[in-house]
Amino acid sequence: MKIQTKILGGYVIIATLTILIALIAIYQMGRLQEKFATSEQLSQQLRLIDEIVDKTWETRFFVERFLLLHNPDDNQWAQNSLHQLRLLFNQAYSRETNPQRLEQYNTILNLMSPYDQKYQNLVIRISVLEKQINAFLESTVDLEHQFNNLEQETSFNEDIQFVIQRYHQSFTLLSSKATYLLFRYKEEDIANIISWIETILTIMEDIHSTVEVFDEDQAEKLEILVNSLEEYLDSFEGVTALIGKINEEIEQTIFPIAPKILSASHNISNSHWSEEVQSTNELKSSIEYSMQLIMLLTFLTFLLGVGLGIIFSIRFTQPIITLEQSALKLAQGELQQPIEVTSTDELGSLARSFIQMRDAIRTKIEDLNQLNKTVEEHNRTLQETNRSIERFVPQKFLQFINKESILDVELGDQVEKNMSILFSDIRQFTALSEHMTPEENFRFINSYLEQMAPVITRHNGYIDKYIGDAIMALFSRTADDAVQAAIDMLHHLRDYNQMRQRAGYAPIDIGLGINTGMLMLGTIGGKDRIDGTVIGDAVNVASRLEGLTKLYNTPLLIGNDTFLNLKHVDRYSIRMLDRVQVKGKENAVMVYEVFDADPPEIKNYKLATRELYEKAWMAYQYREFGQASELFQRCYDSAHQDQAAKIFARRCQNLIQFGVSEEWDGTTHVDEK
């Protein structure tokens, strides 16, 4: 009876400890679930903060872009981004409980309020500026009409008629330069324009004082022209003065505040990261503590079983010894060790409970290991798939058409954007390819493209397509990115040619054309096959500019729209090359040569003769072909590789020899692509 009582007491003790272990395990699991929930909340808040940081970058980009370019679409994007940023910020603020970060949120609030107000004030000022610019442009058109009316007067003598025509042409070129300077404000250039306008005004006043012998109608037209020129000058000075004030206010208000807002957002993000790391460490510590506690209690149970085994007979202790051996192996991590159950009493129940606990732990560990393997395999597969897809459909293309994934792309998706388009082509590629096998052709093209593609990517460019040996690239950020990429491509080509020569191959030349404007970017094709492409007049002009590099024997040409969109035009070696009407275009395009990548001696010669070249080109436009030919020849004599000067010198000689028609306006007509 005593033995039975002791055995029963032992069973009771073991069962009690087993229940205690289960309760402690349940309690620890509850604590772990709470910590998991806290960690998930921190993760959600961190994702929201990261979204705020990204939206802050986007808002700053659209605000500053609008302030620099005055594009209404950019203002709408800026307003939308500001609104979304406020919504995200309020959502994050309402969820925050950390006092230190609440203080950081208040710092951002104190920065955003004046930032919004100052930006709205600048939007109003820019609206007023746009109205003044439109009025200024209308006065330019009105003056053009007045000059045209005076040129049609046949009662003036030939000298006065010639002066009016000449200064009409000067005003036309001058007004184009003045309009350009309204968007690329530069004080010294503004002063030069004002000086030129005053010169034309003085000449017109002198003519007006000499036409008293003519009828009153002519005198009245001249007087109206003089008055209009005075108003034009006043309007130009007023607009440029307002631009100067707006630029000064932007520099003193918007530009200093935006980095502070972004810095404060980063501080909040860093604080969240620190708390996230701390929460993760605490979670790991809780898991380790729970495992240690369970193992400790299991070990105590094992010791109790050994003690009872010493007291009881072998018959009663054998199952306990077996259980003890299994528990020891389980404590050592051998979860596959079988546990024999030979009793149907309380000891057997304890053994079965132990088996369930072991199986539960083993199942959990196996599930976790399998889950980790599945996640790792899925991540590897997803990364490899994304890398493969991006080789055919770059991520930037999806961003341009506002798609998050290739799975969202459909036929007909399209968006209109203002971009810079770069075309490049290898010179004499057909002749080169005739001496190579198809395999050698592909090897050569891939070698060349592998050299050039990283240069375009490095300057924020996106390669839209490869057309054999040609490259078509898009630049959505600034025109400067496209021009700098083209210059670096030519520098890189020089190094590439040195490698080709060391390998016994002939060097190659390339031509590049860049144009800027609106284009349509989207998908075309059919139900079973689609492709991304760009469509627009700006694309066609860029292709024609690349073709013109062959005509003028120069590697890099840019269009007038690209020139006007350069933010740092003074950083480049640029000169005005020609006004060209290319095939398929009704209007002429002003073409500029960028010669930063020329050999140093040729570049220095062109820089030294740039002013002389521009004087020669102006004389050419005024039909002073003799003077223009002499000046172009002087440019060519200074730099014997200045092929443009040589071409214009010959062109002037032909025009002197054969003459020009009355409709000749200095435009070069090119019928070839």
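Between Tyr592 and Phe563, the angle of the ring planes stays under 30°, which puts this pair in the parallel group of the 30/60° scheme. Ring-plane geometry between Phe648 and Tyr620 is classed as perpendicular, the angle between the planes exceeding 60 degrees on a 0 to 90 degree scale with a lower cut at 30. Note: Phe444 and Phe429 have parallel aromatic rings, judged against thresholds of 30 and 60 degrees for the angle between ring planes.
Asp469 places a side-chain N or O within 3.5 Å of a backbone atom of Ile426 that can act as its donor or acceptor partner.
Using a 4.5 Å heavy-atom cutoff, the side chains of Leu519 and Ile535 are not in contact. Looking only at side-chain heavy atoms (C-beta outward), Lys606 and Asp642 come within less than 4.5 Å of each other. A heavy-atom distance below 4.5 Å is found between the side chains of Ile558 and Val483. Counting heavy atoms from C-beta outward, Ser476 and Tyr462 have side chains that stay 4.5 Å or more apart. For the pair Ile510 and Thr549, the minimum side-chain heavy-atom distance is 4.5 Å or more. Residues Met499 and Gln451 meet the side-chain proximity criterion, which asks for heavy atoms closer than 4.5 Å. The closest side-chain heavy-atom distance from Ser573 to Leu607 is below 4.5 Å. Between Met472 and Ile421 there is a side-chain heavy-atom pair separated by less than 4.5 Å.
With 3.5 Å as the limit, one finds no donor-acceptor pair spanning the side chains of Gln581 and Thr667. Looking only at atom types and distance, the side chain of Asn497 has no donor-acceptor partner in the side chain of Gln501 under 3.5 Å away. Gln484 and Arg571 form no side-chain donor-acceptor contact under 3.5 Å, judged by distance and modelled atom types alone. Side chain to side chain, Thr609 and Tyr636 fail the donor-acceptor criterion of an N or O pair below 3.5 Å. If you check the side chains of Asn565 and Thr516, you find no donor sitting under 3.5 Å from an acceptor.
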Any chance you could lay out the salt bridge (Lys or Arg N to Asp or Glu O under 4.0 Å) test for Lys550 and Asp509, step after step, and finish with the verdict? CA-CA 11 Å; Lys550 304 174 187 176; Asp509 293 319; over 6 Å; no
Please test Leu474 against Val534 for side chain to side chain contact (heavy atoms under 4.5 Å, CB included), starting from the C-alpha separation and ending with a verdict. CA-CA 9 Å; Leu474 305 177; Val534 291; 3.5 Å; yes
Full working for ring-ring contact (aromatic ring centres under 6.0 Å, His included) between Phe625 and Trp664: CA-CA 13 Å; Phe625 302 123; Trp664 187 87; 5.3 Å; yes
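For Glu440, the CD atom is densely surrounded, since the number of other residues' heavy atoms within 6.0 Å is greater than 12.
A salt bridge is defined here as a Lys NZ or Arg NE, NH1 or NH2 lying under 4.0 Å from an Asp or Glu carboxylate O, and Arg623 with Asp665 fails to meet this definition. Between Glu439 and Arg443 there is a salt bridge, since at least one side-chain N of the basic residue sits less than 4.0 Å from a carboxylate O of the acidic one. No salt bridge links Asp537 with Arg544; every basic N to acidic carboxylate O contact stays at or beyond 4.0 Å. A salt bridge links Arg427 to Glu546: one of the charged nitrogens lies within less than 4.0 Å of a carboxylate oxygen.
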